[in-house]
Amino acid sequence: MKCRHCHSPLTLPLVDLATSPPSNAYLRTDQLDSPERWYPLRVLVCEHCWLVQTEDFTQADQLFDADYAYFSSFSDAWLKHAQAYVTTMIDRFDLSATHRVVEIASNDGYLLQYVKAAGIPCYGIEPTASTAAAARAKGIESIERFFGTALADELSTAGRQADLIAANNVLAHVPDINDFVAGFARLLTPAGVATFEFPHLLKLLEHCQFDTIYHEHFSYLSLTAVARIFEANGLQVFDVEEWPTHGGSLRVFAQRAGGPHDVSPAVTAMLARETQAGLTQRDAYHSFQARAEAIKNAFVSFLLECKARGERVAAYGAAAKGNTLINFAGIRADLLAYVVDRNPAKQGKFLPGSRIPIVSPEHLIADQPAWIVILPWNLRDEVIGQMAEARQWGARFVTAIPDLAVHA
Ligand SMILES: [Zn+2]
């Protein structure tokens with residue numbers, strides 16, 4: 001396989017997580033007597049541009065189907081993050097009713113609802129039918145297409161260029177990263193700004209967050225790789241911030257090459273930090289496999305011990321992270337009885353691969369299991385807050401990554 005950005009041959013492995021189905025391919029009851037497609041889940045490192053990427057084998061349109069059930073608005077913490085983002089951008093870039101904001105992967109309108117409320121014209125681009133429909137129900141125009149140069153050119157020609165483009169947690173999810181990034185340079189106004197948020201590769205390596213790896217997540221990004229990819233596609237990074245979201249993310253600010261914003265010293269500083277951490281050397285990537293296996297083994301041991309003691313274990317959060325961990329560890333409903341999710345679209349379905357049932361929070365409260373494994377460890381405090389009632393029957397909360405930890 002060749003690098004998705006620079007086309008160099010990929011020879012350096014990061015991790016091999018065996019095989020699993022697409023992480024968002026939740027099953028309905030009537031699908032349980034049908035087989036599932038399992039794909040290899042391997043991550044490779046480009047030693048030329050340092051883009052870390054999943055091995056290539058499926059098309060994006062097979063991975064994101066119409067049943068795709070992730071609705072951003074089901075996380076309170078994420079909604080707050082989106083609202084704060086909108087306020088900050090309006091302030092920093094003096095956005096008003098004469099400007100236009102566009103969001104790529106606008107989901108159910110979780111972010112643009114705040115732009116609309118501020119009286120700034122906006123529209124979203126969202127290829128997933130169910131979430132785009134939810135955004136339209138909030139009065140937010142949603143173009144149901146994949147973003148890239150073709151769509152950017154159409155919109156620009158139609159006079160629909162953007163003064164601000166928000167792209168939160170989408171850059172890592174596009175297979176053709178060059179065409180995607182080039183689209184921003186074409187859709188922005190000459191002084192326009194695009195912001196990108198993505199989980200930081202530095203944190204993935206530091207905390208062995210291997211469960212953030214899944215098929216639909218094609219790239220694992222450093223500023224080093226992003227700056228290079230942007231430059232090759234007509235964009236320039238002019239600022240970067242660190243955020244605690246998703247276990248440690250970067251928010252990168254970019255403009256068209258030659259745009260009006262000065263490059264912040266934060267950019268040089270982050271590039272230097274990544275170099276110091278060894279991200280541009282082979283050695284930084286070598287121990288990851290053994291560390292991921294140690295975490296998996298500790299989690300399986302914990303579940304086996306609970307089983308031996310006759311203690312029921314449930315999980316919270318039917319999201320991609322959990323599916324990677326559960327399928328890599330080969331866990332089934334005999335060890336992890338069910339997973340709770342607040343999203344009604346997921347309740348009554350089953351996790352892909354493991355086929356562990358997804359139930360409502362009310363089910364967990366009635367069942368009173370001894371342990372609750374929080375699969376989205378990045379939302380740990382939010383989940384513990386939501387499930388405070390579980391303390392009354394003595395349930396304990398557990399996270400598996402970066403180390404098995406009990407939260408008293
Ligand atoms: Zn490369």
Side-chain angles (χ1 to χ4, degrees), residues 1-17 39-60 63 104 146-149 152 167 169-186 194 196-206 209-210 212-238 240 248-254 256-257 263 267-268 270-289 292:
M1 178 189 165
K2 294 199 160 110
C3 172
R4 290 199 177 91
H5 168 57
C6 74
H7 311 296
S8 302
L10 298 176
T11 52
L12 176 61
L14 176 72
V15 71
D16 182 344
L17 296 172
Y39 301 94
L41 184 51
R42 283 193 286 266
V43 177
L44 303 165
V45 182
C46 177
E47 291 175 74
H48 180 67
C49 72
W50 301 105
L51 178 62
V52 176
Q53 49 204 291
T54 50
E55 201 172 34
D56 213 357
F57 55 89
T58 41
Q59 300 298 314
L63 291 171
I104 314 296
F146 281 99
F147 184 73
T149 49
N169 292 301
V170 59
L171 185 60
H173 289 80
V174 292
D176 187 352
I177 197 164
N178 287 328
D179 184 69
F180 183 78
V181 169
F184 285 77
R186 300 183 190 200
F196 301 80
E197 287 180 34
F198 49 82
H200 194 187
L201 176 66
L202 195 64
K203 301 293 178 188
L204 169 76
L205 295 177
E206 269 176 15
Q209 299 163 345
F210 70 88
T212 62
I213 294 168
Y214 47 91
H215 295 113
E216 301 91 326
H217 194 175
F218 292 91
S219 307
Y220 303 86
L221 299 161
S222 59
L223 184 62
T224 304
V226 164
R228 188 187 286 238
I229 293 166
F230 281 18
E231 196 183 322
N233 289 290
L235 280 187
Q236 180 192 29
V237 174
F238 68 87
V240 61
S249 295
L250 292 185
R251 178 183 289 167
V252 167
F253 296 76
R256 284 163 62 164
V263 178
V267 175
T268 324
M270 181 55 74
L271 292 173
R273 243 179 80 194
E274 291 183 350
T275 304
Q276 271 162 15
L279 262 54
T280 52
Q281 316 232 345
R282 292 175 63 96
D283 288 357
Y285 304 95
H286 278 150
S287 63
F288 197 83
Q289 178 80 34

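These values consider heavy atoms only, across backbone and side chains, with no hydrogens, waters or symmetry-generated copies. In listed order, ligands and their atoms are each counted from 1.
For Glu197, the salt bridge (Lys or Arg N to Asp or Glu O under 4.0 Å) test picks out Arg251, with sequence neighbours left out. Residues satisfying the ring-ring contact (aromatic ring centres under 6.0 Å, His included) test with Phe198, not counting sequence neighbours, are none.
For Phe180 and Phe146, the gap between ring centers reaches or exceeds 6.0 Å.
With a 6.0 Å radius and a threshold of 12 heavy atoms from other residues, nucleotides or ligands, Glu206 has its CD atom above the threshold.
Distance check, rounded to the nearest 0.5 Å: CG of Leu204 to CD1 of Ile213 gives 5.5 Å.
For the Zn ion (ligand 1), the nearby protein N/O/S atoms, meaning those under 2.8 Å, are Cys3 SG, Cys6 SG, Cys46 SG, Cys49 SG.
Annotation: salt bridge (charged side-chain N to carboxylate O under 4.0 Å, His left out) contacts involving residues 175-186, sequence neighbours excluded, comprise Asp153-Arg186.
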